[in-house]
Amino acid sequence: MIENDITIRIGGEAGMGLESSGAGFAKALVRGGLHVFGVPDFYSRIRGGHNFFTLRAACDPLFSIADPVHILLALDMESVRRHIADLVPGGAVVYDSKDPLSEALRREDVLAIPVALSQLAREIGGLELMRNTLALGIAAGLLEFDLSYVESIIRDNFAKKGEDVITSNLNVIHKGAEIAEAYKADFPFRLHAVPNAPQRILLNGTQAFSMGALAGGCRFVSGYPMTPGSPVLVWFAQNGAKYGAVAKHVEDEISAINMAIGAAIMGARALVPTSGGGYALMVEGTGFAGISETPVVIYNAQRPGPATGLPTRTEQADLLFMLHASQDEFPRMVLAPGTLEEAFHLGWYAFNVAERYQTPVMVLSDQFLADAFRSLEASGLDFDAVEIDRGALLTDADLDALTERYKRYQITESGISPRALPGHPNAIWVTESNEHDEYPRIEEDAQNRIAQQSKRMRKARPMAQDVPPPTWYGPEGAALTLVCWGSTYGPAREAVDRLNAQEAGAANLLHFSGLEPFPPTAEAELRKAHKTIVVEGNYTGQLEILIRARTGLSVDGHVRRFDGRPFRPEFILAGLQEA
Amino acid sequence: MIENDITIRIGGEAGMGLESSGAGFAKALVRGGLHVFGVPDFYSRIRGGHNFFTLRAACDPLFSIADPVHILLALDMESVRRHIADLVPGGAVVYDSKDPLSEALRREDVLAIPVALSQLAREIGGLELMRNTLALGIAAGLLEFDLSYVESIIRDNFAKKGEDVITSNLNVIHKGAEIAEAYKADFPFRLHAVPNAPQRILLNGTQAFSMGALAGGCRFVSGYPMTPGSPVLVWFAQNGAKYGAVAKHVEDEISAINMAIGAAIMGARALVPTSGGGYALMVEGTGFAGISETPVVIYNAQRPGPATGLPTRTEQADLLFMLHASQDEFPRMVLAPGTLEEAFHLGWYAFNVAERYQTPVMVLSDQFLADAFRSLEASGLDFDAVEIDRGALLTDADLDALTERYKRYQITESGISPRALPGHPNAIWVTESNEHDEYPRIEEDAQNRIAQQSKRMRKARPMAQDVPPPTWYGPEGAALTLVCWGSTYGPAREAVDRLNAQEAGAANLLHFSGLEPFPPTAEAELRKAHKTIVVEGNYTGQLEILIRARTGLSVDGHVRRFDGRPFRPEFILAGLQEA
Amino acid sequence: MVTRDDYRIDEKPTWCPGCGDYGILTALIRALVEHNIAPHELMIVTGIGCGSKLPQYMRVNGMHTLHGRPWPAAQGAKLANHGMRVIVVHGDGDGYGEGLGHFVHAVRRNPGVTEIVQNNKIYGLTKGQFSPTSEKGWKTSTSPYGSAEEPAQPLALAITHGATFVARGYPGELKHLIWLIGEALEHPGYALVDILQPCVSFNKPRAYEYYAERVYKLEDEAGYDPNNRTAAWERAQEWGEHIPIGIFYRAVPGPTFEMLDPVLKDSTPLVKRPLGKLGSAQVDSLLAKLR
Amino acid sequence: MVTRDDYRIDEKPTWCPGCGDYGILTALIRALVEHNIAPHELMIVTGIGCGSKLPQYMRVNGMHTLHGRPWPAAQGAKLANHGMRVIVVHGDGDGYGEGLGHFVHAVRRNPGVTEIVQNNKIYGLTKGQFSPTSEKGWKTSTSPYGSAEEPAQPLALAITHGATFVARGYPGELKHLIWLIGEALEHPGYALVDILQPCVSFNKPRAYEYYAERVYKLEDEAGYDPNNRTAAWERAQEWGEHIPIGIFYRAVPGPTFEMLDPVLKDSTPLVKRPLGKLGSAQVDSLLAKLR
Ligand SMILES: Cc1ncc(C[n+]2csc(CCOP(=O)(O)OP(=O)(O)O)c2C)c(N)n1
Ligand SMILES: Cc1ncc(C[n+]2csc(CCOP(=O)(O)OP(=O)(O)O)c2C)c(N)n1
Ligand code: SF4
Ligand code: SF4
Ligand SMILES: [Mg+2]
Ligand SMILES: [Mg+2]
């Protein structure tokens with residue numbers, strides 16, 4: 001019996017409810033004390049097509065899914081076709097017996113479990129849609145996973161729908177487990193609950209970032225729906241009001257960023273969630289925030305492009321775009337969380353940096369990080385560590401004491417000008433998108449331009465001290481260093497673990513979550529590596545380009561992926577063979 | 001008597017007609033066989049403020065204005081205040097005698113010529129506005145420039161307004177020359193016409209680029225007014241119809257680029273002229289052109305930003321922005337003409353490249369290049385060299401012969417897919433902004449994504465062969481190499497000339513007019529230099545960053561300017577002291 | 001003779017079963033066939049949304065552009081080749097939300113383009129957020145407390161800005177819809193056909209049953225005069241128990257945007273003209289201004 | 001008591017002598033003073049254009065934003081601090097051209113914001129191109145053959161989309177304009193004052209003389225009922241020999257966009273609330289959903 005590290009894949013059409021039942025089952029596993037990593041793979045359509053949800057569970061913390069699948073729950077024949085090859089020898093495929101498995105789809109080394117999924121779901125649960133639940137019940141049964149955890153989730157999730165719904169779901173689950181009984185003996189994998197594990201949480205990057213932002217004082221969110229960025233907008237629309245955060249779905253992205261700027265000038269911590277194509281429409285507004293020194297946080301959950309591209313898939317190809325977006329120059333910070341913990345942390349940290357330096361801060365996520373679920377200790381979202389630092393913000397008392405005309409854009413050594421929020425009689429001023437003097441008056445004089453542009457650009461120096469430095473994972477001085485940024489951290493970390501398991505000290509990982517200003521320590525850290533391979537999700541190697549632009553250093557190789565699918569450890573390991 | 005290289009500056013308020021009279025006078029100088037370089041310096045307002053126009057003339061070709069001024073025509077006291085210090089010893093200031101020159105504004109070594117400019121203009125010409133003409137008449141008189149050239153311009157320019165207007169202008173000019181008589185003896189500078197010089201032309205970068213584009217088959221221009229890009233839109237609106245080019249001023253920049261894309265898909269060579277802030281709104285459209293492989297030419301006349309910035313001034317700070325604009329990646333070409341000749345040449349060349357590689361081509365100009373006037377031989381606009389190469393465009397005959405379903409995005413070795421224009425019964429296809437297969441159908445499959453994204457990106461390889469390589473000016477193997485891009489060529493060239501005049505072989509110049517794909521020869525050329533100083537108009541040193549990103553090379557120093565004013569040779573030379 | 005086969009393609013729509021977009025696709029193809037318009041003579045320009053995938057599901061030239069931007073692309077296409085027929089198709093979020101500005105500006109120009117709107121009063125493809133045509137108070141994932149906006153009035157807006165053919169259809173009345181689209185196609189100027197499109201996944205309260213009970217045809221109302229602009233404007237805003245479909249307003253259009261262009265007026269389409277080097281007389285006329 | 005001195009600043013407008021923007025600035029300040037609104041209680045949000053420089057020429061809080069984008073910034077400002085009065089000021093090119101979409105969407109929301117438009121029917125700052133409100137056939141540098149577009153109908157459009165205060169003023173009738181702006185400021189919801197603004201540099205045919213001969217006040221017309229929406233819509237489109245100014249439409253507004261927000265409704269402005277860390281009960285309620 002293999003007890004740890006089990007992967008279940010459930011596949012079917014859009015509209016079959018894969019995501020919610022997958023997430024529910026994942027929660028049950030977490031309640032059972034297991035660690036979970038879950039990744040949805042969805043087409044950009046509402047019904048039909050082929051979607052699947054991959055759920056990996058283990059006793060140890062997980063940072064990625066992995067390739068081999070132990071149980072395939074195929075709600076349609078397409079799911080068998082696509083995924084049968086991914087099953088490990090000894091794995092099981094559950095499929096609807098209404099369609100027989102063709103010869104080509106049979107595997108000798110795989111346990112075939114034909115079940116009248118739809119029919120039984122209808123008969124027992126009353127709804128064909130419950131075939132997910134039935135299939136998951138079979139999986140639980142095969143794995144000998146304690147059904148009480150699944151039951152508790154069903155009770156919680158359907159509490160509002162009443163006892164009848166709960167009962168029929170429970171019946172379906174039990175039916176599944178009952179069916180599994182007959183096959184268990186031939187199935188060598190188990191996933192037993194870990195009895196006294198701490199109570200963990202299960203969430204995705206959208207939730208981690210949103211909660212971080214909320215904790216960091218984000219009180220104004222304006223956005224326009226765009227996958228995979230809009231879940232943050234939806235999160236705030238649905239949860240924000242309770243905590244005093246206004247969330248508006250507005251007419252377009254141009255409006256979203258300019259509303260946020262208007263709100264931020266008034267003093268609200270403001271966020272615009274979007275994806276790359278939506279961000280493209282925010283470029284002019286970003287420059288306005290830059291010259292007007294307005295703190296706004298821009299969240300871009302990247303997806304493959306250009307243009308509409310692959311709306312529901314993942315990529316990391318907006319780095320250099322965000323870094324240079326807008327005509328002319330101004331300081332900005334670009335952050336890219338690699339884990340849920342970082343997504344939470346940078347979620348609140350971004351607002352401090354934005355207000356401290358009075359400039360736009362960009363958080364680069366991607367569909368993988370935004371949508372993938374992971375279990376973690378509740379302390380992983382470190383609410384206690386949250387600080388709210390509003391930077392050089394003048395208080396009413398400061399303003400009461402003001403005797404001269406307030407200078408919103410005062411020239412200072414640091415480049416940071418003490419900031420007054422509108423409303424005080426002693427600080428009356430006009431936010432300017434034209435070049436301006438200190439008050440600000442519109443001013444075209446050359447010396448003034450030099451003074452104001454230099455003042456703004458000077459802020460980049462202290463900002464560089466506040467940008468998160470790249471961090472190491474794995475043994476010091478390893479023969480091979482993987483270099484990555486953002487969401488690639490998880491799969492790269494597991495790749496490193498596997499390399500070191502083969503050969504101790506073989507590999508380590510240097511991860512960038514701060515990209516602009518380029519971390520001052522980065523060059524020294526990179527020079528520590530013996531051999532550097534950059535692992536990133538784009539065609540041209542944008543981190544590699546950035547490293548060369550900032551340090552002149554060339555790396556030794558790369559593993560890149562740009563097919564819209566997230567990295568997996570196996571992909572990286574295979575890529576290393578060629579890199 | 002100093003005979004060559006004379007600079008006249010005329011200053012006054014917006015609305016006084018400085019630009020048109022300055023340009024008229026410049027034309028007269030050109031008709032007189034002289035070379036001319038003229039630069040307007042304007043505030044972003046319609047009336048009032050302080051504008052000036054600097055006109056340099058010489059027997060030899062000019063590539064820049066220079067600092068010292070020989071004649072200051074001050075239509076108001078502000079002009080004296082601002083520019084009196086710029087006069088060379090022995091220079092002259094003409095000002096309106098209605099306001100006396102204060103002690104502080106007097107210079108012992110400068111010839112003061114108080115004239116009742118407004119009053120005389122009214123009395124003789126009937127219009128106060130003619131004081132420009134009067135002042136220019138005085139300048140002509142002082143310089144002993146043959147008035148017949150000025151007269152010929154007046155006759156041509158006012159031909160439509162009738163004899164009366166012509167006569168009063170002529171009277172005013174003659175009055176000016178007559179006034180000058182009394183001062184000539186004390187004024188040591190002359191600008192005699194060069195009798196048998198070839199008939200030259202006088203134009204600015206806007207005109208050079210527009211004519212190049214028109215000659216290159218540009219037949220569709222959609223734009224939205226934005227200084228300093230809109231003059232190209234206006235040029236086409238006013239001149240295009242005669243040559244069959246449609247020009248539309250549309251509701252915004254988003255519309256402009258998407259209209260151009262629509263027109264380009266149908267087969268028209270399409271251009272969008274704008275400035276950085278307008279381009280910011282075209283970023284999403286650029287990506288659409290990228291993924292749909294639509295040839296469009298984007299013209300950005302840069303101005304200082306961010307946001308509204310300094311609307312009527314110059315800078316070169318949009319390079320990295322344009323180079324990375326849009327989410328995800330696709331090949332593009334970025335061109336930056338350094339001279340009028342190049343503006344013309346790249347004007348038509350851009351359309352060939354765009355169609356050859358079916359992708360956006362960006363032409364980076366700036367306010368300096370767009371607005372500055374220069375004389376050149378008519379052959380400088382080499383209409384004979386123009387070629388129209390539409391790339392892999394299928395003819396009706398090709399399409400008639402088609403037996404299979406047409407594949408718009410056929411996978412090819414070069415990445416270029418033969419292109420059909422819509423309308424033929426054998427080639428029916430849908431332009432896609434989603435990722436797609438060859439036909440194209442919308443397709444999310446991973447292998448297909450790899451195939452299509454790689455196909456598009458592959459085009460960058462042959463494109464690199466078509467990007468203009470950096471060019472040398474000055475002696476080979478010089479001790480110092482100035483490196484520049486775009487409009488900085490002229491002033492940098494003159495700086496090099498001056499350095500070499502001091503010490504033969506002291507300096508040369510490496511000029512980039514092609515920036516993306518990064519010219520394959522660039523690294524080798526840069527390695528030829530002993531000491532490299534990058535001269536560019538932005539704060540962070542964008543070409544310098546690009547050079548490091550592409551080659552790993554660090555340059556030895558830089559001279560940068562970001563105050564909204566164009567480079568002048570003196571500024572570069574002074575900067576070299578510090579670099 | 002154009003037949004339905006000419007428009008047939010081997011591609012199954014990815015729309016949800018029961019989606020109103022199927023009916024719109026059918027009606028469009030049938031109107032095109034009835035009016036003898038061949039696929040290669042036609043360019044269908046769409047935005048991004050469920051409905052905007054339409055040109056993928058018929059054999060036709062198309063431009064599947066950007067969210068909110070079909071109008072600019074369509075106008076560019078029409079100006080470049082006014083010999084081709086251009087139809088703009090988009091959803092309510094696309095053309096009345098992100099692209100509302102383009103819509104109004106396009107109407108003002110009277111381009112020779114037909115506009116067909118899949119108005120399901122919801123964002124379908126992004127999973128059901130409220131749209132500009134959602135009713136006030138509508139609860140969705142981004143408006144859990146109800147939308148706080150008056151719905152946009154695209155028909156009234158088009159009437160206000162000089163449109164001369166403004167209609168509303170409903171795929172539950174397929175024949176009527178085919179007829180409407182046909183009339184729009186024959187209209188010698190800009191024509192709008194807004195369509196009540198049931199979205200069975202995200203806008204269940206506005207599904208077929210809802211409309212079936214409420215729609216009535218203006219054509220069936222004896223006194224209704226589609227030439228009365230003010231009455232049309234008022235009727236375009238009627239909503240609730242009774243929902244009018246049919247031709248709200250129809251008048252004789254002026255010259256189209258294309259035909260007002262000095263280059264295109266009564267002349268060969270731009271892309272059909274030879275593209276060669278400038279002649280020496282042309283070069284001279286350009287240089288003459290610079291001397 | 002607020003006085004004119006409170007709004008005085010030592011800054012000479014850069015507008016052309018004779019520009020209609022001077023009169024609008026005067027009228028605005030006088031209305032603010034008459035209605036006792038102090039500069040620090042006020043935020044004036046403008047776009048980019050000649051007129052949009054206005055907040056530089058009075059002592060007031062302002063946001064001089066981007067071309068076409070004053071509305072989004074203004075709505076963000078109002079939502080963040082509904083305790084402050086927000087006025088949007090922009091030109092016709094700005095708010096009815098580049099920003100037309102934002103305008104319509106803003107009107108639909110009924111924000112508690114007053115909108116004042118310097119409508120000179122031309123692009124002033126970029127030197128005289130035709131604008132969305134230019135008459136059809138208008139010749140400018142970008143329309144040498146005459147503009148080919150029907151003018152936008154901003155007043156009719158606002159009426160169509162639920163606006164409850166829609167007026168037009170003219171700086172040549174300064175007292176009337178002051179009164180109009182004052183009425184708009186007192187209106188408890190969105191209010192629009194579109195202003196016929198002479199541009200002496202680029203729109204000479206639409207200078208003071210032209211309007212002086214043609215404008216008439218709706219208030220002077222006995223039978224005019226500003227509560228009749230359809231009549232207001234019709235009148236809003238009258239143009240030519242007679243040009244109406246005054247209040248076209250006025251009705252009782254519903255709750256504003258701000259007051260429909262669950263967080264803001266009848267409560268302290270957002271930015272006046274303390275910004276602290278989440279309490280442990282709040283953290284628990286967030287985490288509870290993840291278990
Ligand atoms: C610039 C941009 N913003 C957002 C999106 C995401 N998006 C795709 S479709 C859509 C809404 C579609 O709604 P609608 O136009 O009504 O079409 P439907 O799906 O209802 O047919 C959105 C917001 C996008 N593709 N591009
Ligand atoms: C995105 C963008 N496009 C274009 C411009 C250039 N621009 C500045 S003002 C203006 C037009 C102004 O017209 P209007 O709003 O009517 O104001 P007016 O000058 O007439 O008062 C334009 C096009 C800009 N600043 N930003
Ligand atoms: S989500 Fe709605 S609009 Fe989209 S395909 Fe499904 S039913 Fe049609
Ligand atoms: S150009 Fe016109 S709108 Fe602008 S300041 Fe001058 S008169 Fe006023
Ligand atoms: Mg919709
Ligand atoms: Mg205007």
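Below, read A as the first sequence line, B as the second, and so on, with proteins coming before strands; counting in each chain starts at 1. Computed over heavy atoms, backbone and side chain alike; hydrogens, waters and symmetry mates excluded.
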* To do: Against chain D, label B/Thr312 side chain, backbone, both or neither, depending on which of its atoms sit under 4.5 Å from a heavy atom there.
  => neither
* To do: Apply the ring-ring contact (aromatic ring centres under 6.0 Å, His included) test between D/Tyr190 and each candidate in D/Trp71, D/Phe103, D/Tyr249; give the one that qualifies.
  => D/Trp71
* Asked: Using non-hydrogen atoms only, which part of B/Ala307 is less than 4.5 Å away from chain D: side chain, backbone, both, or neither?
  -> both
* **Residue pair D/Asn119 / D/Asp194, side-chain donor-acceptor N/O under 3.5 Å** => yes
* Asked: Relative to B/Tyr43, does B/Arg313 satisfy both conditions: NZ or CZ under 6.0 angstrom from the six-membered ring centre, and within 45 degrees of the ring's axis?
  -> yes
* Going by atom types alone, do B/Asn300 and B/Asp318 pair a side-chain donor with an acceptor below 3.5 Å? -> yes
* Asked: D/Lys127, D/Glu149, D/His67: which one forms the most heavy-atom pairs within less than 4.5 Å of chain B?
  -> D/His67
* **Max heavy-atom pair count under 4.5 Å with chain D, selected residue of B/Ser44, B/Gly48, B/Gly15** => B/Ser44
* **Which of D/Thr65, D/Leu125, D/Thr14, D/Ile48 touches chain B most, by non-hydrogen pairs under 4.5 Å** => D/Thr14
* Asked: Within a radius of less than 6.0 Å around CG of D/Asp5, do more than 12 heavy atoms belonging to other residues, nucleotides or ligands occur?
  -> yes
* Asked: With distance as the sole criterion, is a donor-acceptor pair present between the side chains of B/Tyr299 and B/Tyr279 under 3.5 Å?
  -> no
* Residue D/Lys53 versus chain B: region with a heavy atom under 4.5 Å -> side chain
* Structure fact -> Bottom line for D/Phe130: the part with an atom under 4.5 Å from chain B's heavy atoms is both
* Could you look at D/Cys50 and say if it's the side chain, the backbone, both or neither that has a heavy atom under 4.5 Å from chain B? => side chain
